[in-house]
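Chain naming here is simple, since letters A, B, ... match the order of the sequence lines and numbering starts at 1 in each.
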Amino acid sequence: MPELPEVETVANGVDARVRGQRIERVTLGSKPEPLKSPAHVIEETLTGARITRVHRVGKTVVIDVQRRDGAAAQATVHLGMTGRLLVSQAEVPMPPHTHAVLHLHDGREVRFVDPRRFGRVGVVESSEQYAGPGKEPTTIAPEEFAKLFRGRKTPIKSALLNQSLLHGVGNIYADESLFRAGIRPKRHAGRLTRAELHKLHGALQTVLQHAIELGGSSVSDYVDADGVRGFFQLEHRVYSRTGQPCRECGEPIQRIVIGGRSTHFCKKCQK
DNA sequence: AGGTTGACCTGGACGC
DNA sequence: TGCGTCCAGGTCAACC
């Protein structure tokens with residue numbers, strides 16, 4: 001489900017609700033558990049810890065905590081395709097596919113719900129901050145952005161999705177930024193001109209910023225920590241618009257598959 | 001090493 | 001109504 005803007009919306013929503021709360025207890029359910037760290041390590045790291053901040057790194061929600069002994073640690077929650085992080089009163093019935101629950105001091109619960117089980121929960125025990133696999137797309141400078149793609153033979157669409165280059169860009173925002181930059185998704189990343197890379201850098205940052213402001217894209221069931229849907233899907237120019245007229249030129253939007261991912265573009269507006 | 005493909009899961013939409 | 005098929009916002013491991 002969630003790409004950078006959706007994860008950022010979720011993280012900000014959870015932060016506003018639970019910052020400062022103490023975690024009384026951790027419940028991990030339903031085997032096999034979608035865990036990145038062993039269950040006992042997650043429980044030992046988080047039980048009794050205070051939440052100091054919730055934020056986003058790439059597509060991962062990071063929960064900073066201070067443990068009882070004062071040491072810093074972090075919980076990492078990757079939402080996969082269908083993961084949700086909900087803050088609920090304990091009385092609210094537990095949704096199906098709830099895999100992890102942080103029981104807070106004030107009686108509320110942070111619940112990780114994920115039907116498809118592609119998400120993962122882990123912890124970073126040391127004080128070293130989780131940095132994510134790649135560069136941050138919202139702040140990367142144009143020259144550094146361009147350098148990422150130098151010499152790469154893979155389609156630019158695939159390169160944008162490669163989390164070890166840029167982290168946080170997923171299928172929607174890759175297609176949307178390529179449309180706005182006027183670049184065909186099949187173009188080899190290493191063959192783009194300086195001008196094209198510059199335009200793509202700008203388009204990507206503009207699209208991500210705009211999507212964050214609108215609370216992300218709600219396709220099917222994505223909702224934020226309050227159960228509120230985002231609105232960026234109304235701004236989609238190509239994603240999931242196969243056969244519909246291009247909003248710029250009227251040409252029907254094409255759907256092809258690149259690297260196993262469905263890809264949408266306008267063959268007249270993108271060269 | 002870089003690049004590509006299929007596997008991992010559940011559920012919703014659609015066609016017959 | 002029900003069954004089968006296809007599709008889905010993401011990674012990974014395994015291959016070339």
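Put simply, Thr154(A) has a side-chain N or O that comes within less than 4.0 Å of OP1 or OP2 on dT4(B). For dG11(B), neither phosphate oxygen OP1 nor OP2 lies less than 4.0 angstrom from any side-chain nitrogen or oxygen of Arg116(A). Distances shown here put a side-chain N or O of His97(A) below 4.0 Å from the OP1 or OP2 atom of dG11(B). For Arg255(A) and dA8(C), the shortest distance from a side-chain N or O to OP1 or OP2 is below 4.0 Å.
Between the C1' atom of dA8(C) and the CD1 atom of Ile172(A) lies a distance of 10 Å, rounded to the nearest Å. Arg56(A) places its CZ atom 14 Å from the P atom of dG10(C), with the value rounded to the nearest Å. dC6(C) atom C1' lies 13 Å from atom CE of Met81(A), rounded to whole Å. Straight-line distance from the CG atom of Leu79(A) to the C1' atom of dA8(C): 16 Å, rounded to whole Å. Across the protein-nucleic acid pair, Arg84(A) atom CZ and dG10(C) atom P stand 17 Å apart, rounded to whole Å. Rounded to whole angstrom, the span from the CZ atom of Arg150(A) across to the C1' atom of dG2(B) amounts to 17 Å.
On the P atoms, dC3(C) is 24 Å away from dC9(B), given to the nearest whole Å.
Ring geometry for Phe232(A) against His210(A) counts as perpendicular: the plane angle is over 60°, on a 0 to 90° scale with 30° as the lower cut.
Judged by distance alone, with hydrogens and angles left aside, Arg117(A) brings no side-chain donor or acceptor close enough to the base of dC9(B) to form a pair under 3.5 Å.
The number of heavy atoms from other shown groups lying within 6.0 Å of NE2 (His188(A)) is above 12.
Taking every side-chain heavy atom of Pro115(A) into account, dT10(B) is the closest of dT4(B), dC9(B), dT10(B).
Among the atoms of the strands shown, only primed sugar atoms or phosphate atoms (P, OP1, OP2) are found under 4.0 Å from some heavy atom of Tyr239(A). Within 4.0 Å (heavy atoms only), Ser158(A) reaches no atom of the nucleic acid at all.
A side-chain contact (heavy atoms from CB on, under 4.5 Å) with His167(A) is found for one member of Lys59(A), Glu136(A), Lys135(A) and no other, namely Glu136(A).
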CA sep, side-chain torsions, deciding dist, call: Leu104(A), Ile23(A), side chain to side chain contact (heavy atoms under 4.5 Å, CB included): CA-CA 5 Å; Leu104(A) 304 180; Ile23(A) 300 167; 4.2 Å; yes
Could you go through Ile258(A) and Lys186(A), starting from their C-alpha distance and side-chain angles, then the distance that decides it, and tell me whether this counts as side chain to side chain contact (heavy atoms under 4.5 Å, CB included)? CA-CA 7 Å; Ile258(A) 298 176; Lys186(A) 262 195 181 158; 3.7 Å; yes
Please report the C-alpha distance between Val238(A) and Gln270(A) in whole Å, then the side-chain angles of each, then the deciding distance to 0.1 Å, and finally whether the side chain to side chain contact (heavy atoms under 4.5 Å, CB included) criterion is met. CA-CA 11 Å; Val238(A) 287; Gln270(A) 295 172 257; 4.3 Å; yes
Run the side chain to side chain contact (heavy atoms under 4.5 Å, CB included) check on Arg255(A) and Ile253(A) step by step: do they pass? CA-CA 7 Å; Arg255(A) 177 190 181 275; Ile253(A) 298 301; over 6 Å; no
Dot-bracket notation for DNA chain C, counting Watson-Crick and G-U pairs under 3.5 Å, with | for partners on another strand: .|||||||.|||||||
Enumerate the protein-to-nucleotides 11-13 of chain C contacts in which both atoms are nitrogen or oxygen and the separation is below 3.5 Å.
{"unit_1": "dT11(C)", "atom_1": "OP1", "unit_2": "His78(A)", "atom_2": "NE2", "d": "2.6"}
{"unit_1": "dT11(C)", "atom_1": "OP2", "unit_2": "Lys59(A)", "atom_2": "NZ", "d": "2.4"}

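Using modelled atom types, one finds a donor on one side chain and an acceptor on the other under 3.5 Å when comparing His264(A) with Asp175(A).
At a threshold of 4.5 Å between non-hydrogen side-chain atoms, the residues Leu192(A) and Phe149(A) do not count as touching.
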